[in-house]
Amino acid sequence: MAKVVPLFSGSKGNSYYIGSSGKGIIIDAGRSCKQIENAMSINGLDMRNIEAIFITHEHTDHCSALKVLASRYETPVFASKGTLRELERTEKLSNRFKTNVIENEIALSDMLIKRINTSHDAAESCCYQVTTADDKKAIIATDLGIMTDEVRNGIITSDFAVIESNHDIELLKNGIYPYYLKNRILSNKGHLSNESCAKELPEFVKNGTLRIMLGHLSRENNTPELALTTALNALNSCNMKRNVDFILEVVSEETNGKAVIF
Ligand SMILES: [Zn+2]
Ligand SMILES: [Zn+2]
C-alpha cells in the first residue's frame, strides 16, 4: 500500500510526501523547515525516514526549506542538472550536500521515480511520476506552462495525479498583478489555468486516471470552488460523474491531515 500526503500546495509553497508505511520521499520543500517538519508530524511522518528530496525546479515556492532540511537530516537531493546548478548558484544548496542528477529515472528503496520534463520558466524544470512496489503510479504535475505530450502521458499512465489548476483567466486578467507578471503566468512557460486543466480531464479519466487532485492554486487569481466547478463542468459534459466515474478534489494550501491511498 502506498500513499501520497499533500503537505503544502499553492503560490506560498509546495511539498508532497510519497511512500509506503514507513519510508518515502518528498517532492519539493517550498515552506520553512519548521512548517514542513510540523506538517509531516501532523501526518505521522518523520523527516528522518525520508530517503530523498526531489526538487522540480528552483523557484522559491518549491525549495525554500531545502538548504536547512538537507543539512539537518543529511537527506540526498535529486533534481535535473540545470536545477541543481541554479540552486548552487543562488546558494540554496551547497556542494557539501549529497546531490544527484536525475536524468531519466531512478530506483530508490521499493520505488521507481521517473523524471518528466515540464514547460516552465526555470532552468530545467520537471515533475515526477512515482511507481510503488505494488506497481501503482502517482504523479505530481504542477508548474506547467502548457500541457505537453510528455506530461499528458505521465498522467494517463498514473493511477493518481495532482494536476495544476492555477488560475481563472478572467480573474488574473482583471486582477492586481502587474502586466509583465500576468503575461508570464499566461505564457507557455507559466502556469496552467483552470480552463486548460479542465479540458484535459475527460481524456485522463477515459484512460484510467480515476483519482485526481487539482493543485498549485493561486491565492490571488483563483478559488478552490472555481477550480473545482470548472473541472467538474468539463467532466460532466462528457457524462462522467464525480464519485461514480472518478474522484476529484482540490489540494488544500496546508495539510488537512489526510493522505491519499492509491
Ligand atoms: Zn515555478
Ligand atoms: Zn510553483
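Here the shortest heavy-atom pairing between Asp61 and Ser11 reads CB-O, 3.5 Å. When all heavy atoms of Ser15 and Ile36 are compared, the pair lying nearest together is OG-CD1, 4.2 Å.
Judged by distance alone, the side chains of Asn166 and Ser218 never bring a donor and an acceptor atom under 3.5 Å apart. For the 3.5 Å distance criterion, the side chains of Ser119 and Asn188 fail to qualify, holding no donor opposite an acceptor.
Scanning for side chain to side chain donor-acceptor pair (under 3.5 Å) contacts around Glu51 gives Ser109, with sequence neighbours left out. Looking at residues two or more places apart in sequence or on another chain, you find a salt bridge (Lys or Arg N to Asp or Glu O under 4.0 Å) between Asp149 and Arg152. Taking the side-chain contact (heavy atoms from CB on, under 4.5 Å) definition, one finds that Lys12 meets it with Arg31, Arg219, Glu253, sequence neighbours left out. Contacts of Asp143 classified as side chain to side chain donor-acceptor pair (under 3.5 Å), with partners at least two apart in sequence or in another chain: His57, His62, His120, His216. Scanning for side chain to side chain donor-acceptor pair (under 3.5 Å) contacts around Ser158 gives Gln129, with sequence neighbours left out. Ile42 is linked by a side-chain contact (heavy atoms from CB on, under 4.5 Å) to Thr255, counting only residues two or more places apart in sequence or in another chain. Among residues two or more places apart in sequence or in another chain, the side-chain contact (heavy atoms from CB on, under 4.5 Å) test is passed with Asp46 by Arg48, Asn49. Annotation: side chain to side chain donor-acceptor pair (under 3.5 Å) contacts of Thr75 (sequence neighbours excluded): none. Residues passing the side-chain contact (heavy atoms from CB on, under 4.5 Å) test with Asp121 are His59, Arg184, Lys189, sequence neighbours excluded. Among residues two or more places apart in sequence or in another chain, the salt bridge (Lys or Arg N to Asp or Glu O under 4.0 Å) test is passed with Glu220 by none.
Leu172 and Val250 fall into different hydrophobic clusters, defined by Ile, Leu, Val, Met, Phe, Trp and Tyr side-chain heavy atoms under 4.5 Å apart, directly or through other members.
Through chains of ILVMFWY side-chain contacts below 4.5 Å, Val4 is grouped with Tyr16, Ile18, Ile25, Ile27, Phe54, Phe78, Ile102, Ile106, Leu108, Met111, Ile113, Tyr128, Val130, Ile140, Phe160, Val162, Met213, Val251, Val260, Phe262.
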Can you list the steps and then say if Glu37 with Lys34 is a salt bridge (charged side-chain N to carboxylate O under 4.0 Å, His left out)?
CA-CA 5 Å; Glu37 287 170 335; Lys34 198 173 179 56; 5.9 Å; no
Leu69 vs Ile50, side-chain contact (heavy atoms from CB on, under 4.5 Å): CA-CA, chis, key distance, verdict
CA-CA 11 Å; Leu69 276 183; Ile50 297 301; over 6 Å; no
Between Glu88 and Arg85, does the salt bridge (charged side-chain N to carboxylate O under 4.0 Å, His left out) criterion hold? Intermediate values first, please.
CA-CA 5 Å; Glu88 276 165 28; Arg85 197 186 300 133; over 6 Å; no
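Other residues, nucleotides and ligands contribute more than 12 heavy atoms inside 6.0 Å of the NZ atom of Lys67.
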Expected list for residues 240-247: side-chain donor-acceptor pairs under 3.5 angstrom, two or more places apart:
unit_1: Arg242; atom_1: NE; unit_2: Leu248; atom_2: O; d: 3.2
unit_1: Arg242; atom_1: NH2; unit_2: Leu248; atom_2: O; d: 2.8
unit_1: Asp245; atom_1: OD2; unit_2: Lys241; atom_2: N; d: 2.6

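The side chain to side chain contact (heavy atoms under 4.5 Å, CB included) with His167 is formed by just one residue from the set Leu192, Leu217, Leu186; it is Leu186.
The side-chain heavy atoms of Leu201 and Ile163, taken from C-beta on, include a pair separated by under 4.5 Å. Looking only at side-chain heavy atoms (C-beta outward), Asn194 and Ser165 come within less than 4.5 Å of each other.
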